[in-house]
Every structure is written in C-alpha cells, then in structure tokens.
Amino acid sequence: MDHETYQNIRPYFDSEIHEAVGRVLQYDGFRGFLKNFLYPNNFEEGVKEIEKISSVREFQELISGNFFQLIINQTIKNLNVVGLENLDKNKQYLFISTHRDIVLDSALLQVSLFYRGFETTRSAIGNNLVPSELLVEVAKMNKMFLVIRDGSVREMLDNSFRLSSYIRKSIMEDGESVWIAQRNGRTKDGNDLTQQGLLKMFAQSNSDKTLIECLQDLNIVPIAISYEYESCDALKARELVLSKEGCYVKQPGEDFNSINTGVLQRKGNVEIVVGKPITDMLDGIESCRPANDMLKDIAQLIDNQIYNSYKLWKTNYIAADIVSESNKYAEYYTEEERADFEKYIEKHVQHTDVDKVEFKLILLNIYATPVFNKAKIQ
C-alpha cells in the first residue's frame, strides 16, 4: 500500500503540526480548553507559546502531557507503573491493553512512557469517538490513528485490511510502537477478554508468512491497567441492565459523557503493568491446526498474562466477598473499608433509574470479576 492509502486514518507528521495547531486555535472549544485547564491565569502567553509548536513531541509535551498530568494530580491518588524493564527502548511493540476507559487507558500509558524516557506510541481510536473536526485534529496531532467502524460490508473489509497494514508498517517500517485495546468497546462487566478477530486482523496484511510468524513480527506486549474505582462504573452497570432488558439505545453525546466522566471522576489508586513480549511464547502454540484454534490459544495467552498482572485493590476483594457471600478475602481489607465501599455502592444504587437489584449485582461484579479471573489461573 502506498502513502496515500493511509491518508484518512494516519496521525499527522511533524511537518504538518504547525499548520494543524493554527487550525485548532481557531476553535472556541479548544481555546476554552486551554483557558480552563492549562492556562487559567496566563491565557494569552500560553497561546503564544502554543503557536510555536512545530512537532508531535512538542504538542504532547505542552498540551497532552501537561493536561493528563493535571488529571493524574487531581483525580488519582497514586499512579504506579510496573514492568517497563520488559521493554527495549530500541525496539517497537504492539501493546494490547485492557480497555476500561475510553481515553485514560492509553493516555496514562503515554504519560508514563513520555516521562520515563520512552517514545510514546501511535494509538488506535474509533472514528465514532471523534465526531467533530476539532477532535479529529487533536487526535491526529497526538499520534492517534482512526479505526473506521462504519460502512458497507466491503468497506469494512477494506478498512480492516488497511488497518492491519498500517499497524504493521508503523512497527516494522516507521519505527513506531502501537497501542490498541484488546477489544472493540470497553469492558463493562469486569471480564477482560482479547478478541480473536483482533488478532486475526493483525495478520491480514501479510500472506507470505504463517499466522504465528505474522504475530511474532509485531512484538505483542499485554498491558493491564487496574483502577481502584472503575471508570464510569455506574454508567456501565446501567447500560448492561438496559441491554439485558432489550431497551438500551445509545443516546447522542453519550460517548462524550463517558469520556468526560472517566477523565474527571476520582479513581483512587491506579496501576499499569507492562507485561512481557509474547514473541517467544508463540513458539509454543501448536501451528498445525485450524487458524481459529490457534487464535483462541493466543488470545488466552494474552488474557492469562493480563489476569496475572492485575493489581487487586481493596475494592476488588470486598466486592468478591460480597458477591460470593464469603469472607475469603477479608485479610485484605478492614471492616471500616468494607463499610465505606458498601456505602459507595449503595449511593449509586439509590440514584439509578433502572432495576436496582440487577444494577447492584452488575456493579459489584465489575469489581469482583478481576479477583475471580486471577484466582482461576493461579
């Protein structure tokens, strides 16, 4: 595929950043963002500084990095990053991550990489999550590439092949690591599962190699992000109740509300665990079998590493004991901490407009399921 093939999905090059900055500064929404978050006391001076931006790195340092560091300081008690020693700064990787928050899953990893001397990644984002020209501009300035999720069946197949080719090109030709969520859409029930179709997509663009060889080329690294207080937990539980009842319809602006809620709500402690590359582990996958069987085993390989990497918080252990009606994990929390978490859950239950019993069970399982998944593989 030639350069023009990726024109509508790729992020901006350094040579395009200065003009893009000039365009976004014409939007009232972007100027309001700068005034409210980054330059509340010296807006005009801030704009002059931003007008000088001429590279992706400068944009990430002055805009993205400063904004998300502000969010970390205001909404996260402690952000811990584990496993960066598993990475070689001279290699490129395909990071396959748990997906609990629309923006923060990738953003927190990018900030962690940036301030620890690693290059940030190109990151996948669904085109449905950037519905305006302003958001597309900002995404492309921030090394994000678009995953096109609409169109005819033929168009979807073409888009999938193009996406596969672009990810491979990024890693093997452009020297850029890539971040992508392990599934299409966030995990809403606490059960993180890598989609086999995603792994199949990665191999689509190279028919000269076996499935295993294609995936080994990409240096896949699982990423587990554990939030003490789940992003948009009540919104997710409400959506699942309505979905079970067959009456859930996504409302206009709902994705933006989820983004806003996830970014601004308090999350307690957060831990990012960078796993080990599975490149050599793929040698252990029996290859003389149908592709779907191999894909199932590879997905399980990724999931098991993710489950083993979970940081389980007091909220997880308490929820697991409540759901299982036991005190199996009582050693990990105090009675006071359990009472506080139960109050947190009940507050959400009292304010919901859906079936409260079903809502409470789903909400608790969002927190409890990581405990059960980790226990299964141990």
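For the single chain, residues carry numbers from 1 onward in sequence order. Below, all heavy atoms of this structure are taken into account, side chains as well, without hydrogens, waters or symmetry copies.
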Peer 1: Identify whether the distance between the nearest side-chain nitrogen and carboxylate oxygen of Lys209 and Asp217 falls below 4.0 Å.
Peer 2: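 The answer is yes: the pair qualifies as a salt bridge.
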Peer 1: Looking at residues at least two apart in the chain, or sitting in another chain, which of them share a side chain to side chain donor-acceptor pair (under 3.5 Å) with Glu51?
Peer 2: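 With neighbours one apart ignored, the set is empty.
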Peer 1: With a 4.5 Å cut-off on side-chain heavy atoms, are Leu94 and Trp179 touching?
Peer 2: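 Trp179 vs Leu94: side chains apart.
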Peer 1: Enter the distance from Thr352:OG1 to Leu363:CG here, rounded to the nearest 0.5 Å.
Peer 2: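 These two atoms lie 9.0 Å from each other.
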Peer 1: Verify the distance criterion only: is there a donor paired with an acceptor across the side chains of Tyr248 and Arg238 at less than 3.5 Å?
Peer 2: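 No donor-acceptor contact under 3.5 Å links the two side chains.
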Peer 1: How would you list all residue pairs meeting salt bridge (charged side-chain N to carboxylate O under 4.0 Å, His left out) that involve residues 130-140, not counting sequence neighbours?
Peer 2: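 Residue pairs passing salt bridge (charged side-chain N to carboxylate O under 4.0 Å, His left out), neighbours aside: Arg23-Glu137.
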Peer 1: Are Ser258 and Ile102 side-chain neighbours, meaning at least one heavy-atom pair lies under 4.5 Å?
Peer 2: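 Side chain of Ser258 against side chain of Ile102, heavy atoms only: contact under 4.5 Å found.
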Peer 1: So, Asn219 and Thr279: side-chain donor and acceptor under 3.5 Å apart, yes or no?
Peer 2: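 There is such a pair between these side chains.
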Peer 1: What distance separates Asn191 CG from Ile366 CD1, expressed to the nearest 0.5 Å?
Peer 2: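 Output value for this atom pair is 11.5 Å.
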Peer 1: For a quick test of reading the model, state the closest non-hydrogen atom pair linking Ser205 to Ser164 and the distance between them.
Peer 2: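 Reported closest heavy-atom pair: OG-OG, 3.0 Å.
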Peer 1: One thing to verify: whether Lys169 and Asp174 come together as a salt bridge, which I'm taking to mean a side-chain N less than 4.0 angstrom from a carboxylate O.
Peer 2: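 Looking at Lys169 together with Asp174, the answer is yes, because their closest N to O distance falls below 4.0 Å.
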Peer 1: Quick one, Ile302 and Pro222 - any side-chain contact, counting heavy atoms below 4.5 Å?
Peer 2: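 Result yes, sub-4.5 Å side-chain heavy-atom pair found.
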Peer 1: Compute whether any side-chain donor of one residue and acceptor of the other, for Asp233 and Gln265, lie under 3.5 angstrom apart.
Peer 2: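 Looking only at side-chain atoms, Gln265 and Asp233 do not form any donor-acceptor pair under 3.5 Å.
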Peer 1: Can you find a heavy atom in the side chain of Ile167 that is under 4.5 Å from one in the side chain of Phe145?
Peer 2: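 A side-chain contact exists here, since the closest heavy-atom pair is under 4.5 Å.
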Peer 1: Short question: side chain of Asn42, backbone of Glu45 - any donor-acceptor pair under 3.5 Å?
Peer 2: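 Such a contact is absent between Asn42 side chain and Glu45 backbone.
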Peer 1: Do the charged groups of Asp255 and Lys250 touch, with an N to O distance under 4.0 Å?
Peer 2: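 Answer for the salt bridge query: yes.
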Peer 1: Which distance, rounded to the nearest 0.5 Å, do you find between the OH of Tyr332 and the OH of Tyr317?
Peer 2: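 Nearest 0.5 Å value for the OH-OH distance: 4.5 Å.
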Peer 1: Tell me, do Gln60 and Asn142 make a side-chain contact under 4.5 Å, heavy atoms counted?
Peer 2: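 Result yes, sub-4.5 Å side-chain heavy-atom pair found.
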Peer 1: Under 3.5 Å, side chain of Asn316 to main-chain N/O of Tyr367, donor-acceptor pair present?
Peer 2: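 Judged by distance alone, yes, a pair lies under 3.5 Å.
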Peer 1: Which residues pass the side chain to side chain donor-acceptor pair (under 3.5 Å) test with Lys143, sequence neighbours left out?
Peer 2: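 For Lys143, the residues satisfying side chain to side chain donor-acceptor pair (under 3.5 Å) (neighbours in sequence not counted) are Thr120, Glu176.
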Peer 1: Find the distance between CG (Asp192) and CZ (Arg186) and round it off to the nearest 0.5 Å.
Peer 2: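 With rounding to 0.5 Å, CG (Asp192) is 13.0 Å from CZ (Arg186).
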Peer 1: Could you check whether Arg338 pairs with Glu342 (Lys NZ or Arg NE/NH1/NH2 to Asp/Glu carboxylate O, under 4.0 Å)?
Peer 2: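 Yes.
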Peer 1: Do we see a donor-acceptor contact under 3.5 Å between the side chains of Gln300 and Asn304?
Peer 2: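 Short answer, yes.
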Peer 1: Tell me whether Glu228 is salt-bridged to Lys267, with the criterion being a basic N under 4.0 Å from an acidic carboxylate O.
Peer 2: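 So Glu228 does not pair with Lys267 through a salt bridge.
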Peer 1: State, yes or no, whether a side-chain contact exists between Ile71 and Leu264 at a heavy-atom distance under 4.5 Å.
Peer 2: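 The answer is yes; the side chains approach within 4.5 Å.
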Peer 1: Does any non-hydrogen side-chain atom of Tyr307 lie less than 4.5 Å from one of Gln378?
Peer 2: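 Side-chain contact under 4.5 Å: no.
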Peer 1: Quick check for you: to the nearest 0.5 Å, what is the distance between Asn86 atom CG and Lys276 atom NZ?
Peer 2: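 Asn86 CG to Lys276 NZ: 6.0 Å, rounded to 0.5 Å.
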Peer 1: Just by distance, do the side chain of Asp105 and the backbone of Arg100 share a donor-acceptor pair under 3.5 Å?
Peer 2: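 The answer is yes, because a donor-acceptor pair under 3.5 Å joins these two groups.
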Peer 1: Is any NZ, NE, NH1 or NH2 atom of the basic residue among Arg162 and Asp158 found under 4.0 Å from an Asp or Glu carboxylate oxygen of the other?
Peer 2: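 Salt bridge absent between Arg162 and Asp158.
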Peer 1: How are the rings of Phe67 and Phe37 set to each other: parallel, tilted or perpendicular (split at 30° and 60°)?
Peer 2: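 Because their plane-to-plane angle is over 60°, the rings of Phe67 and Phe37 count as perpendicular.
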Peer 1: Are Glu119 and Lys89 ion-paired here, with the side-chain N under 4.0 Å from a carboxylate O?
Peer 2: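 Salt bridge absent between Glu119 and Lys89.
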Peer 1: Are Tyr93 and Ile171 connected, step by step, through hydrophobic side chains (Ile, Leu, Val, Met, Phe, Trp, Tyr) whose heavy atoms are closer than 4.5 Å?
Peer 2: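 Yes, because Tyr93 and Ile171 connect within a single hydrophobic cluster, where side-chain heavy atoms sit under 4.5 Å apart.
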Peer 1: With side chains defined as the heavy atoms from C-beta onward, is the minimum distance between Gln182 and Leu193 less than 4.5 Å?
Peer 2: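 The answer is no, as the side chains (C-beta and beyond) never meet within the 4.5 Å cut-off.
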Peer 1: Taking Ser123 for the side chain and Ser106 for the main chain, is one N or O donor matched with an acceptor at less than 3.5 Å?
Peer 2: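 Answer holds: no.
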Peer 1: Does Ser112 offer a backbone N or O that forms a donor-acceptor pair with the side chain of Arg116 under 3.5 Å?
Peer 2: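 Yes, the answer is positive, given that a donor and an acceptor are paired below the 3.5 Å cut-off.
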Peer 1: Rounded to the nearest 0.5 Å, how far does CG of Leu312 lie from OG of Ser226?
Peer 2: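 So the gap between those two atoms works out to 7.0 Å.
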Peer 1: Taking the side chain from Lys374 and the backbone from Tyr310, do they hold a donor-acceptor pair closer than 3.5 Å?
Peer 2: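 Confirmed, Lys374 side chain pairs with Tyr310 backbone.
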Peer 1: Is there a donor-acceptor pair under 3.5 Å between the side chain of Asp303 and the backbone N or O of Thr194?
Peer 2: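 Side chain of Asp303 to backbone of Thr194, a donor-acceptor pair under 3.5 Å: yes, one is there.
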